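Accompanying notes for the structure given below.
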Amino acid sequence: VQLQASGGGSVQAGDSLRLSCRASGPSFSRYAVAWFRQAPGKEREFAAVIHRTGAITYSEDSIKDRFTISRDNAKKEVYLQMTSLKPEDTAVYFCAARDTIVTMPAESYASWYRIWGQGTLVTVSS
């Protein structure tokens with residue numbers, strides 16, 4: 001599986017964006033997919049993860065009321081719907097996939113994800 005993230009852009013505080021992570025290759029539904037983000041000068045951090053069927057999701061506390069992760073296995077896509085964006089959401093957003101079964105908090109560790117897409121930049125201005 002290969003991943004390609006898209007949908008980033010420059011927006012104003014309070015706006016919404018939807019990021020997409022498109023997969024190519026077989027057996028996409030075998031993979032849990034997560035979104036991570038990396039703000040300028042900071043380490044990469046976990047944002048959200050969705051399990052194989054989409055029935056289970058986890059989100060980082062600071063975003064869970066504003067961001068929603070979802071997936072469409074038929075389209076081989078995972079989405080991150082972001083609302084009420086804040087300047088502190090400015091970051092490069094990466095999608096990543098894993099086929100190993102782990103539980104939280106390990107699911108939030110980047111080291112468990114062996115497949116990464118290129119990032120998509122989200123810039124939120126005040």
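Just the heavy atoms: all of them, side chains too, but no hydrogens, waters or symmetry mates, feed the values below. Here, residue 1 is the first one in the sequence, and each next residue gets the next number. Only a predicted model underlies this, so the values are computations on that prediction, with no experimental measurement involved.
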Taking the side chain as C-beta and beyond, is there a heavy-atom pair between Ile69 and Val78 under 4.5 Å?
yes
Let me check something: do Tyr109 and Trp35 share a hydrophobic cluster, defined by ILVMFWY side-chain heavy atoms less than 4.5 Å apart, either directly or through other members?
no
Interatomic spacing from OG in Ser62 to NZ in Lys86 - rounded to 0.5 Å:
8.0 Å
side-chain contact (heavy atoms from CB on, under 4.5 Å) between Asp99 and Arg114, intermediate numbers included
CA-CA 9 Å; Asp99 56 2; Arg114 63 181 182 90; 3.1 Å; yes
Spell out, yes or no, whether Leu80 and Ile50 are grouped together once hydrophobic residues are joined by side-chain heavy atoms under 4.5 Å, including indirect joins.
yes
Are more than 12 heavy atoms from other residues, nucleotides or ligands located less than 6.0 Å from atom CH2 of Trp112?
no
Which atom pair, heavy atoms only, marks the closest approach of Ser126 to Pro87?
CB-CG, 3.9 Å
Atom CZ in Arg30, atom CD1 in Ile101: separation rounded to 0.5 Å?
10.0 Å
Measuring only between side-chain heavy atoms, which start at C-beta, is Ser24 closer than 4.5 Å to Lys76?
no
Would the distance check show the side chain of Arg98 and the main-chain N or O of Thr100 forming a donor-acceptor pair, the cut-off being under 3.5 Å?
yes
What are the two closest non-hydrogen atoms of Ala23 and Phe28, and how far apart are they?
CB-CD1, 3.3 Å
Same cluster or not: Tyr113 versus Val102, using hydrophobic residues (I, L, V, M, F, W, Y) connected whenever any side-chain heavy atoms lie under 4.5 Å apart?
yes
In terms of heavy-atom contacts, does CZ of Arg22 have more than 12 from other residues, nucleotides or ligands at under 6.0 Å?
no
With rounding to the nearest 0.5 Å, note down the distance linking CZ in Arg66 to CE in Met82.
9.5 Å
Sub-3.5 Å donor-acceptor pair from the side chain of Ser59 to the main-chain atoms of Lys64, do we have one?
no
Say whether, by atom type as modelled, one donor and one acceptor occur between the side chain of Thr90 and the main chain of Val124 under 3.5 angstrom.
yes
To the nearest 0.5 angstrom, please state how far the OG1 atom of Thr53 sits from the CZ atom of Arg71.
8.0 Å
Which heavy-atom pair separates Tyr31 from Pro26 by the least distance, and what is that distance?
CE1-O, 4.4 Å
Say you draw a straight line from OG1 of Thr68 to CD1 of Ile63; how long is it, rounded to the nearest 0.5 Å?
9.0 Å
Quick one: does Tyr58's side chain get under 4.5 Å of His51's, heavy atoms only?
yes
For Ser16 versus Gln81, what's the shortest heavy-atom pair and its separation?
CB-NE2, 4.0 Å
Just checking Leu121: does its CG atom have more than 12 heavy atoms from other residues, nucleotides or ligands closer to it than 6.0 angstrom?
yes
Are Ile56 and Met104 side-chain neighbours, meaning at least one heavy-atom pair lies under 4.5 Å?
no
Cluster overlap Leu17 with Val33, hydrophobic side-chain contacts below 4.5 Å
yes
Note, Asp72 side chain near Tyr79 side chain (heavy atom, < 4.5 Å):
yes
Check: Ser125 side chain, Val11 main-chain N or O, donor-acceptor pair, under 3.5 Å:
yes
So, do Ile115 and Leu3 sit near enough that their side-chain heavy atoms are less than 4.5 Å apart?
yes
Does CD belonging to Gln118 count more than 12 external heavy atoms closer than 6.0 Å?
yes
Taken to the nearest 0.5 Å, the spacing of Glu107 CD from Thr57 OG1 works out to 10.0 Å
Test salt bridge (charged side-chain N to carboxylate O under 4.0 Å, His left out) applied to Glu45 - qualifying residues, sequence neighbours left out:
Arg37
Would you say Leu85 and Phe67 make side-chain contact, with heavy atoms under 4.5 Å?
yes
I'd like to know if the side chain of Thr120 and the backbone of Tyr93 have a donor-acceptor N/O pair within less than 3.5 Å.
no
Heavy atoms, side chains only, cut-off 4.5 Å: are Val92 and Arg44 in contact?
no
Path from Phe94 to Leu19 over hydrophobic side-chain contacts below 4.5 Å
no
